[in-house]
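These notes are about the structure you will find just below.
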Amino acid sequence: MILALETSCDDTCAALVGEDASVHASVVSSQEVHERFGGVVPEVAARHHVELIDVVINEAFARAGAGLEEVSLVAATRGPGLVGALLVGFCAAKGFAAARELPFAAVDHLHGHVAAAYLKPACFEPPFVALIASGGHTLLLDVPERRAPMEVLARTLDDAAGEAFDKGARMLGLGYPGGAALSRLAAGGDGSAFEFPTGRGEDFSFAGLKTALLYKLREVDGSDETVRANLAASFEHAIVEALVRRVLRGLERSGRSRLALGGGVAANRTLRARLAGLGVELFLPPIELCTDNAAMIAAAALELEALPYPDYLDLDVYATGEGPLR
Ligand code: KG4
Ligand code: ZN
């Protein structure tokens, strides 16, 4: 079995996955402590990972009914992410591997989001285009085959899609992280009530949208429930259309007719419905595999050449904005 750890942001995650890509246990402990700060505080996240990492690893073994001796490969997220947070899972994994002289796989977090598609029971096979949209990243990738390099078709120039949802939610007084709450408010509104920008060009850009909502809130009665629902629906509509437009362009450019979704924003019902209506073969993972988890890190590890003991001991992590998929 593969033991995988993921601590790139504010979720402390451990998973045990079989070499046949079956998930025996996937444990995620979300740090709610950041809510009152309106965003993830890196140092606080790292300190909580230190407290939680042993707990989630033990929980994964308990849920899988497995023993330490069943682990034949250890994997962890190397980056991109918050360096202090990454170091906790990465060092714990290296320590676990070194103590047993096991091989180790250092996994790119974004590769992990793509590899979620390879887990059982779905086993969605390349070639496909992957849209990874979360609080930290917005990336459109061409995935020609499992082990071949992925091509970045579009990236974000400023905010990530989930970050845009969160900032919009904050302006509407919906708390943090507010993507799901904004979407719930939007469900009762009219998405065509207000016109919001969807960004120009091939890449994603959500900074203009955020500013547009800020200005709109100065003009309208932000306490009126109908107005608020219409604002939320129009804001959500703009993000979804911005994503869909680049997805269509990416599918056309790469000649693919299959699409996989990943990242927390994949939980968005409007986005899921809109993509389902495109007529392409679509892989929508279960929500727990869209948001950060360690099972996807194990799935990516299966596609990598693991390093034998002790070759991995001096490996370091890398920060947000670094790594092969930028
Ligand atoms: O993948 P994830 O759990 O963590 C990151 O790697 O960032 O994604 C979290 C992001 C947050 O920005 C959150 O607001 C957004 O996903 N999100 C949603 C929904 N559920 C979560 N955004 C829109 N609609 C949703 N239903
Ligand atoms: Zn992520």
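Just follow the structure's listing: the first ligand is 1, and inside any ligand the first atom is 1. Since the model is a prediction, treat every value here as computed from it, not as a measurement.
- At a cut-off of 2.8 Å, His113 is counted among the residues with an N, O or S atom near the Zn ion (ligand 2).
- In summary, the aromatic rings of Phe206 and Phe196 are positioned with their centroids too far apart to meet the 6.0 Å limit.
- For the pair OD1 of Asp292 and NE2 of His109, the angle at the Zn ion (ligand 2) is about 90°; rounding is to 10 degrees.
- Protein residues having at least one heavy atom under 4.0 Å from any atom of ligand 1 are Ser134, Gly135, Gly136, His137, Gly162, Phe165, Asp166, Gly179, Ala180, Gly263, Gly264, Val265, Ala267, Asn268, Thr291, Asp292, listed by chain and number.
- Remark: Leu231 CG to Phe194 CZ distance equals 4.5 Å, nearest 0.5 Å.
- Distances from the Zn ion (ligand 2) to each N, O or S atom of His137 single out NE2 as the nearest.
- Ring geometry for Phe283 versus Phe124: interplanar angle under 30°, hence parallel rather than tilted (30 to 60°).
- Looking at residues two or more places apart in sequence or on another chain, you find no side chain to side chain donor-acceptor pair (under 3.5 Å) involving Asn58.
- Taking Ile, Leu, Val, Met, Phe, Trp and Tyr as hydrophobic and joining them when side-chain heavy atoms fall under 4.5 Å apart, one finds Leu52 isolated, its cluster having no other members.
- A side-chain donor-acceptor contact under 3.5 Å links Ser8 and Glu6.
- The side chain to side chain contact (heavy atoms under 4.5 Å, CB included) check on Arg274 picks up Val240, Glu241, Val244, Leu278, with sequence neighbours excluded.
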